[in-house]
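Sequence lines set the chain letters: A, B, ... in the order given, protein chains first and strands last, and positions in each chain run from 1.
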Amino acid sequence: MEAYKKELKWKIVLTAISLFFIAVSMGVLIFLMLYEGETPNWIKAYLGFFLGISIVMVESLVKNVRAIKNETRLKAKYIEETDERLTLIEHKTGTAIFPIYYLCLVVAMAVAVHINVTVVITLAFALLLQVAIKLIIQAYYKRKL
Amino acid sequence: MTFLAKRAILFMQSKLYTAGDALKTKIPEFRKRQKLSQEELALAVGVTRQTITSIEVGKYTASLVLAYKIAKFFDQHIEDIFDFSEAEDE
């Protein structure tokens with residue numbers, strides 16, 4: 001449990017540092033927004049993106065800090081994160097995603113052929129990238145396990 | 001009424017007991033003997049209550065480490081808790 005506690009402390013530190021940088025970035029964007037007079041779309045997009053990320057990070061930070069301060073919460077969190085059935089479910093979900101994703105991409109390509117060739121090429125590259133990533137991960141685990 | 005409810009739960013459990021492909025287990029019997037809840041056993045062996053439920057109803061087979069932890073918790077051998085007869089037949 002002590003090792004997990006240390007890991008959690010590291011997570012808290014990393015989240016806090018990331019939040020600091022996000023806050024600085026948002027500050028710069030807000031300054032730019034005020035400086036420019038009217039708000040360009042890319043600033044709106046980045047602000048929305050950073051806001052979303054920071055909400056998730058603050059939630060995670062609060063959960064981790066509460067867990068560190070309370071042994072019962074810490075054990076419950078540890079069990080939730082290391083439970084072998086939940087881990088298996090995660091693995092199975094990850095494995096199941098690939099074929100569904102391939103199928104969706106192929107269907108999208110078949111539809112896009114009738115609309116735009118650039119879209120087809122983009123989808124084909126996305127499909128190739130997915131296959132390449134899967135093969136690399138498989139090769140890694142075949143060596144590791 | 002309570003008796004009927006208990007019988008209904010036992011019947012459902014017996015049906016669920018053989019419903020999955022996982023190993024059959026005597027965990028419910030050992031738990032009842034020691035008057036332990038699933039939650040208490042789960043906490044003792046470091047898994048969620050849902051995992052214990054899944055093992056008990058035969059939906060999920062525990063890993064070797066978890067099976068060992070459960071057996072050790074009840075002070076039994078693994079084969080006293082889990083039924084390997086079907087695995088042996090295969």
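- The line from CZ of A:Arg85 to NZ of B:Lys59 is 7.5 Å long, rounded to the nearest 0.5 Å.
- Residues satisfying the salt bridge (charged side-chain N to carboxylate O under 4.0 Å, His left out) criterion with A:Lys77, sequence neighbours excluded, are A:Glu81.
- Looking at B:Leu43, the atoms closer than 4.5 Å to chain A (heavy atoms on both sides) sit in the backbone and in the side chain alike.
- Within a 6.0 Å sphere centred on NZ of B:Lys72, heavy atoms belonging to other residues, nucleotides or ligands number 12 at most.
- Annotation for A:Glu80: atom CD does not count as buried by contact number, only 12 or fewer foreign heavy atoms lying within 6.0 Å.
- Every residue two or more places apart in sequence or in another chain was checked for a side chain to side chain donor-acceptor pair (under 3.5 Å) with A:Tyr78, and none qualifies.
- Interface residues of residues 87-120 of chain A toward chain B, defined by a heavy-atom distance below 4.5 Å and sorted by number: A:Leu88.
- With hydrogens and angles disregarded, no donor-acceptor distance shorter than 3.5 Å links the side chain of A:Asp83 to the backbone of B:Val47.
- Side-chain atoms of A:Glu84 come within 3.5 Å of backbone N or O of B:Ser63 as a donor-acceptor pair.
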Considering only distance and modelled atom types, tabulate donor-acceptor pairs under 3.5 Å from the side chains of residues 12-35 of chain A, sequence neighbours left out.
from, atom 1, to, atom 2, distance (Å)
A:Thr15, OG1, A:Lys11, O, 2.5
A:Ser18, OG, A:Leu14, O, 2.7
A:Ser25, OG, A:Phe21, O, 2.7

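- With a threshold of 4.5 angstrom between heavy atoms, B:Ser54 approaches chain A through side-chain atoms but not through N, CA, C or O.
- Remark: A:Tyr4 OH is packed, more than 12 non-hydrogen atoms of other residues, nucleotides or ligands lying under 6.0 Å away.
- Other residues, nucleotides and ligands contribute more than 12 heavy atoms inside 6.0 Å of the CZ atom of B:Phe73.
- When hydrophobic clusters are built by joining Ile, Leu, Val, Met, Phe, Trp and Tyr residues whose side-chain heavy atoms come closer than 4.5 Å, directly or via intermediates, B:Phe30 is grouped together with B:Ile78.
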